[in-house]
Amino acid sequence: MSNGTGKFLSSSLGKKFVMGLTGFLLVAFMIVHLLENLSLYVDVDHGSAFIAWVEKLHLLGPFIWVLEFGLALLFGVHVWMALKLTAENRAARPTPYVMKKTFGESTLASRNMFVTGVLILGGLILHLIHFRFSKGLHAPAPADLFARVREVLANPIWAGFYVVFGILVGIHVSHGFRSAFQSFGANHPRINCCVRRCSVALGVILALGFASFPIMALISWR
């Protein structure tokens, strides 16, 4: 890493850039994950499409561990940058969050990014415990994973939890996505309105999409 690159990444602007980049990649993962989970609707009772998709993932073999490590690294860097920026911002001035405003606006989502981020991190840990590590370090077999999904989401308490979790993800993304554009220097009146609308639309789609699965489970699997 060159000296110039190191200085840039250690600066506030560099941290925002890294946070925006990792945020974009995480949003891409969430979109793919949502599309994967839509297979639950193909065969609600037996989950044949969902099981077939998981079987394809298992064909990746050890490479799946590489993908999981890369994803964990993305989350880790994103969270670390958020903590660093928040600490630096609070030390510099009494503002709750470094990205409180985006394109000159202050919204409910922008004012609570740190709070929603912490809640999402906690929810993600529970999500991994429920589904990825339900059988220990080894990923559960496809049929076992579907059975686990049914077991967890058919529980009204956990179903409610995942509805709230999906909504929090949507709120976080609705601000974070457009905030990333600002971090990349894309801040112009000609594109700000389009970015704002796309960000809100993406947040709504993710919130409704992820929240729909536990609602479906309570209707179909009880």
So the salt bridge (charged side-chain N to carboxylate O under 4.0 Å, His left out) pairs with at least one residue in residues 23-32 (sequence neighbours excluded) are none
Taken in chain and number order and not counting sequence neighbours, the residues that satisfy salt bridge (charged side-chain N to carboxylate O under 4.0 Å, His left out) with Arg197 are none
Side-chain donor/acceptor of Ser199 to backbone N/O of Val195, under 3.5 Å = yes
Excluding Val42, membership of its hydrophobic cluster (Ile, Leu, Val, Met, Phe, Trp, Tyr; side-chain heavy atoms within less than 4.5 Å) reads none
Tracing side-chain contacts under 4.5 Å among Ile, Leu, Val, Met, Phe, Trp and Tyr outward from Ile167 reaches Val163, Ile171, Ile215, Ile219
Q.
Is it the case that the side chain of Ser220 and the backbone of Ala217 share a donor-acceptor pair, with hydrogens and angles ignored and the cut-off at 3.5 Å?
A. no
Are more than 12 heavy atoms, taken from residues, nucleotides or ligands other than His58, located less than 6.0 Å from that residue's NE2 atom? yes
*Whether Phe29 and Phe75 hold their rings parallel, tilted or perpendicular, with breakpoints at 30° and 60°*: perpendicular
Worksheet entry | Heavy-atom donor-acceptor pair, Ser174 side chain to Gly203 backbone, under 3.5 Å | no
Which atom pairs, one a donor and one an acceptor, fall under 3.5 Å between side chains of residues 77-84 and the rest of the protein, sequence neighbours left out?
residue, atom, partner, partner atom, Å
His78, ND1, Met19, O, 3.2
His78, ND1, Thr22, OG1, 2.9

Phe177 meets the ring-ring contact (aromatic ring centres under 6.0 Å, His included) criterion, sequence neighbours left out, with Phe24, Phe181
Heavy-atom closest pair (Ala49 atom, Ser39 atom, distance to 0.1 Å) is CB-O, 3.6 Å
Output for pair (His33 NE2, Leu71 CG), nearest 0.5 Å, gives 9.5 Å
In this structure, CZ of Arg132 is separated from CG of Leu145 (nearest 0.5 Å) by 10.0 Å
In short, salt bridge (charged side-chain N to carboxylate O under 4.0 Å, His left out) pairs touching residues 41-61 with sequence neighbours left out are none
Counting only heavy atoms not in Leu59 (residues, nucleotides, ligands), do more than 12 fall under 6.0 Å from its CG? yes
Value for CZ (Phe131) from CD (Glu151), rounded to nearest 0.5 Å, stands at 9.0 Å
Which atom pairs, one a donor and one an acceptor, fall under 3.5 Å between side chains of residues 116-129 and the rest of the protein, sequence neighbours left out?
residue, atom, partner, partner atom, Å
Thr116, OG1, Asn112, O, 3.0
Thr116, OG1, Met113, O, 3.0
Thr116, OG1, His172, ND1, 2.8

Phe161 meets the ring-ring contact (aromatic ring centres under 6.0 Å, His included) criterion, sequence neighbours left out, with Trp158
Hits for ring-ring contact (aromatic ring centres under 6.0 Å, His included) against Trp53, two or more places apart or cross-chain, chain-then-number order -> none
Salt bridge (charged side-chain N to carboxylate O under 4.0 Å, His left out) filter on Glu36, not counting sequence neighbours, yields none
Sequence neighbours excluded, the answer for ring-ring contact (aromatic ring centres under 6.0 Å, His included) partners of Phe213 is Tyr41
- prompt: Would a distance-only check, ignoring hydrogens and angles, find a side-chain to backbone donor-acceptor pair under 3.5 Å from Arg148 to His130?
  reply: yes
Worksheet item: How about Leu168 and Phe210: do any of their side-chain heavy atoms sit closer than 4.5 Å?
Response: no
Query raised in the report: Does any N or O in the side chain of Trp221 come within less than 3.5 Å of the main-chain N or O of Val149, such that one atom is a donor and the other an acceptor?
Result: no
